[in-house]
There are 4 protein chains.
Amino acid sequence: MPPRTRSGNRRDETARLDVLHAADDLLVEHGFGGLTVEAIAKRAGVAKQTIYRWWPSKVDILLDTLIEDTEKRLPIPTDPPTADTIREYLRAYARFVTEDPAGKVLLTLIAESQHNPATAKTFHERYLGPRREQERAMITAATDAGEITPKLPPDATLDVLLGPIVYCALTNSPIPRTLANTLIGELLGPR
Amino acid sequence: MPPRTRSGNRRDETARLDVLHAADDLLVEHGFGGLTVEAIAKRAGVAKQTIYRWWPSKVDILLDTLIEDTEKRLPIPTDPPTADTIREYLRAYARFVTEDPAGKVLLTLIAESQHNPATAKTFHERYLGPRREQERAMITAATDAGEITPKLPPDATLDVLLGPIVYCALTNSPIPRTLANTLIGELLGPR
Amino acid sequence: MPPRTRSGNRRDETARLDVLHAADDLLVEHGFGGLTVEAIAKRAGVAKQTIYRWWPSKVDILLDTLIEDTEKRLPIPTDPPTADTIREYLRAYARFVTEDPAGKVLLTLIAESQHNPATAKTFHERYLGPRREQERAMITAATDAGEITPKLPPDATLDVLLGPIVYCALTNSPIPRTLANTLIGELLGPR
Amino acid sequence: MPPRTRSGNRRDETARLDVLHAADDLLVEHGFGGLTVEAIAKRAGVAKQTIYRWWPSKVDILLDTLIEDTEKRLPIPTDPPTADTIREYLRAYARFVTEDPAGKVLLTLIAESQHNPATAKTFHERYLGPRREQERAMITAATDAGEITPKLPPDATLDVLLGPIVYCALTNSPIPRTLANTLIGELLGPR
DNA sequence: GCGTAAGCGAGACGGTACGTCTGGTCTTCCT
DNA sequence: AGGAAGACCAGACGTACCGTCTCGCTTACGC
């Protein structure tokens with residue numbers, strides 16, 4: 001790797017990206033156990049101090065990558081929402097969580113939140129909360145437009161739609177193929 | 001604590017229980033971060049070697065406590081299963097996972113499974129698998145008896161019923177009160 | 001290096017010696033700058049924690065080696081002291097300080113004492129003080145026996161005899177060959 | 001401190017002096033450990049970069065102050081040298097080394113020379129060497145004038161006269177009051 | 001009834017990673 | 001040129017646990 005150009009007294013964007021990518025790569029390649037600050041620093045070609053200067057802990061690094069990657073690879077549909085766009089979102093969600101490296105980051109952060117209340121808090125504030133807000137908007141918009149008639153309030157609806165997907169991903173079981181269809185049919189259905 | 005009576009060349013059951021309880025207590029009091037073998041040994045008044053002699057790692061300790069506690073506090077209903085017994089099971093499951101210390105152990109092991117494939121494997125083989133078997137039996141028995149007519153195959157049904165509960169517990173959100181009722185009504189319902 | 005035999009729950013004498021020798025070697029080979037706890041640990045094949053368990057700091061390691069090595073390689077003469085035995089001691093002192101690795105340790109500790117009052121204190125209490133006591137005994141014994149008639153009180157005599165040797169060693173100048181003879185002749189002389 | 005007048009594109013003499021004094025003060029107040037380039041810069045009201053621009057390292061700063069201060073406060077006697085002027089020089093030397101802040105700098109540089117060969121080299125070339133030259137001239141002039149008849153060659157004489165003083169200062173022992181007199185009497189004496 | 005075998009508390013050991021700190025270099029901006 | 005500020009790499013610091021090992025003891029079993 002060529003020595004990166006020094007940025008003087010401004011934050012070095014290259015270093016920031018190198019760290020995010022190194023964290024991502026290490027997580028995928030060596031699991032959370034291999035994700036040490038020491039290893040990230042070495043892989044990114046960065047001093048440990050540079051990491052600690054900008055991130056309180058390694059989960060904050062993961063959070064940053066997750067936020068950026070989710071926006072890119074699992075966008076909330078922008079079309080006027082219908083049962084169909086929601087179905088498509090669920091399918092994308094399932095793919096994200098099982099196949100995308102960023103999905104692995106999501107599962108890791110859910111996991112780490114169980115071990116560490118501070119992680120749980122930040123994870124909520126910076127990821128789960130904002131994300132849920134957008135998803136809720138999607139549900140209520142579809143409801144208001146008469147596209148769907150959910151059997152449960154919006155948040156409960158989302159828990160029921162996403163919960164099984166996440167649960168399957170966490171327990172490493174395949175996500176049943178008919179799951180999205182059935183849930184949408186029975187829980188958002190006309191009657 | 002009085003020095004426990006030495007058991008000679010037989011495994012010391014008291015030591016075993018002390019370790020399990022120490023692990024449980026430490027998890028509740030100081031979280032997974034405070035759950036170190038060193039701390040368990042000190043709290044249980046046991047040598048580290050005694051722990052390593054009987055458990056490959058600290059998650060195996062948790063697994064042992066979880067198995068014993070789940071059998072005691074979240075038994076599979078033995079009555080001939082109906083929509084009602086299943087509903088009651090879901091409610092008990094929700095309470096277990098949000099209020100019982102053993103529920104915290106369950107969430108912790110789900111979490112740790114994300115970080116460690118070996119943990120994931122053992123967790124499946126010794127807990128999730130056997131448990132799922134019994135739950136599946138419950139579902140198929142109810143189906144065969146004509147008590148319920150699930151919209152999905154048995155495993156998918158269980159994922160849909162339990163997934164949202166676990167997901168809410170993991171993300172620390174309240175479990176919607178109408179959730180069990182609605183899911184049972186719409187997904188196991190007569191039509 | 002073959003793995004050293006573990007000593008169980010007793011302090012491992014081999015490890016202790018390995019640390020002392022590693023420190024000595026590193027000082028000679030790479031100077032005080034290369035003498036880090038990290039390097040000592042690596043060279044001795046010992047964990048850092050083992051070093052911190054037994055020595056408050058790296059200068060205490062040096063102090064231990066110095067004490068043991070001085071006793072071995074620069075013993076206080078045991079014969080009834082005369083002008084001749086004192087002369088021989090001075091010569092041995094000069095060799096020790098210029099040629100022996102342990103002499104380098106001595107110079108290093110004198111140096112480090114300038115930088116660090118705590119070092120100065122320990123160095124005095126554990127090395128300079130006891131050593132001076134024995135040397136003073138040597139001088140007074142010789143005086144009492146009528147073998148020498150010093151022009152100065154015992155401690156001043158020792159400062160005058162040893163000071164130039166140490167000073168030359170510190171400033172890296174050769175120790176004048178006639179120095180010991182002349183000093184003994186003029187300052188301990190008969191008249 | 002009033003902002004110093006900027007000197008444009010010439011080296012700022014005020015800044016230079018501020019650095020020297022700051023280094024001196026810090027050494028006396030906080031010891032060598034507290035003498036960091038960072039601290040010097042802050043105390044002198046100077047940018048770190050300015051220091052690194054002009055001095056390779058902090059010992060070079062000390063060397064500069066030592067040279068200037070020694071010339072001022074421990075001048076080589078200019079009168080035709082006699083036993084008396086030499087005695088007076090020794091007394092001044094003893095005071096310098098035990099009481100003068102610059103004496104502390106001298107001891108510090110002797111110490112640092114043990115840790116760092118590069119320091120030792122510069123220290124010799126810029127301080128010890130030139131100084132010794134002048135002192136040697138003093139001795140030989142006195143000898144040639146018949147004022148003294150040293151028992152040892154000039155350099156050895158100086159080692160014997162100054163060595164004990166430096167040694168006492170380094171080991172923090174009092175310098176015996178009769179030392180200078182006795183040494184001069186016995187070693188530079190008429191017989 | 002005594003030797004053997006195993007379990008036990010204790011704690012030292014070689015390691016890994018932690019999060020903190022300092023040192024010296026570099027860059028930008030302003031005076 | 002020089003001040004101020006601060007990011008950066010490098011790597012040592014002392015700490016916490018890891019999992020392994022040996023010690024010295026105690027008990028239970030079987031010859």
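In the text below, chain A, chain B and the rest are named by the order of the sequence lines, each starting its count at 1.
- For E125(A), the side chain to side chain donor-acceptor pair (under 3.5 Å) partners two or more places apart in sequence, or in a different chain, are K121(A).
- When rounded to the nearest whole Å, the span between CD of E13(C) and P of dC13(E) equals 11 Å.
- For the pair N9(B) CG and dA6(E) C1', the computed distance is 5 Å after rounding to whole Å.
- A 4.5 Å side-chain heavy-atom check between T122(D) and Y127(D) finds every atom pair outside the cut-off.
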Check residues 19-29 of chain C and write down every donor-acceptor pair under 3.5 Å in which the side-chain atom is one partner and the other belongs to a residue at least two apart or another chain.
from	atom 1	to	atom 2	distance (Å)
H21(C)	ND1	L17(C)	O	3.3
E29(C)	OE1	R43(C)	NH1	3.1
E29(C)	OE2	R43(C)	NH2	2.9

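- Counting to the nearest Å, the P atom of dT20(E) and the CD1 atom of I51(A) are 13 Å from each other.
- Judged as a side chain to side chain donor-acceptor pair (under 3.5 Å), and not counting sequence neighbours, the contacts of E68(A) are R16(A).
- Proximity of W55(A) to the phosphate of dG19(E): no side-chain N or O atom is located under 4.0 Å from OP1 or OP2.
- Put simply, CG on D60(A) is 11 Å from P on dG19(E), counting in whole angstrom units.
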Contacts table for residues 58-65 of chain A: side-chain donor-acceptor under 3.5 angstrom, sequence neighbours left out:
from	atom 1	to	atom 2	distance (Å)
K58(A)	NZ	L35(A)	O	3.0
D60(A)	OD1	S57(A)	N	3.3
D60(A)	OD1	S57(A)	OG	2.8
D64(A)	OD1	R126(A)	NH1	3.2
D64(A)	OD1	R126(A)	NH2	2.9
D64(A)	OD2	W55(A)	NE1	2.9
T65(A)	OG1	L62(A)	O	2.9

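- For the helix from dG1(E)-dC31(F) to dT31(E)-dA1(F), the terminal axes (five pairs an end, C1' atoms, rotation from four pairs onto the next four) enclose an angle of 10°, given to 10 degrees.
- Taking the side chain to side chain donor-acceptor pair (under 3.5 Å) definition, one finds that K42(A) meets it with nothing, sequence neighbours left out.
- We find that CZ of R10(C) is positioned 11 Å from C1' of dA12(E), with the value rounded to whole Å.
- For the pair Y52(C) and Q49(A), nearest-nucleotide mapping onto DNA chain F gives the more 5' position to Q49(A).
- The interatomic distance linking R11(A) (CZ) with dC9(F) (P) rounds to 12 Å, in whole Å.
- When the side-chain nitrogen and oxygen atoms of W54(C) are compared with OP1 and OP2 of dA12(E), none of them lie within a distance under 4.0 Å.
- The stretch residues 26-40 of chain C does not touch DNA chain E, since none of its heavy atoms comes less than 4.0 Å from the strand.
- No side-chain heavy atom of Q114(B) sits under 4.5 Å from any side-chain heavy atom of I110(A).
- When the salt bridge (charged side-chain N to carboxylate O under 4.0 Å, His left out) test is applied to K104(D), no partner is found at least two apart in sequence or on another chain.
- The ring-ring contact (aromatic ring centres under 6.0 Å, His included) analysis of residues 22-54 of chain A, with sequence neighbours excluded, yields the pairs F32(A)-H115(B).
- Residue-to-nucleotide contacts include a donor-acceptor pair under 3.5 Å from the side chain of K48(B) to the base of dG19(F).
- When each of A47(C) and P56(A) is assigned the nucleotide of DNA chain E with its nearest heavy atom, A47(C) is the one assigned upstream, toward the 5' end.
- Following rounding to the nearest Å, D18(D) (CG) and dG3(F) (C1') show an atom-to-atom distance of 13 Å.
- Taking atom CZ of R16(D) as the reference point, atom P of dG3(F) lies 14 Å away to the nearest angstrom.
- The two residues A102(D) and D69(D) have their closest heavy-atom pair at CB-CB, 3.6 Å.
- Nearest heavy atom pair, residue S113(A) against residue A120(A), reads OG-CA, 3.5 Å.
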Between the protein and nucleotides 1-4 of chain E, list every N/O to N/O distance that falls short of 3.5 Å.
none

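- Contacts of residues 109-122 of chain B with DNA chain F (heavy atom under 4.0 Å): none.
- Look at R53(A) and you'll find a side-chain N or O under 4.0 angstrom from OP1 or OP2 of dC8(F).
- For the pair T50(B) and dG9(E), the criterion of a side-chain N or O lying under 4.0 Å from OP1 or OP2 is met.
- The two residues G34(D) and A39(D) come nearest to each other via the heavy atoms O-CB, 3.8 Å.
- Without hydrogens or angle criteria, T50(A) side chain to V46(A) main chain gives no donor-acceptor distance under 3.5 Å.
- Remark: H124(C) engages no residue in a side chain to side chain donor-acceptor pair (under 3.5 Å) (not counting sequence neighbours).
- Proximity of a side-chain donor or acceptor of E112(A) to a complementary backbone N or O of T119(A) within less than 3.5 Å is not detected.
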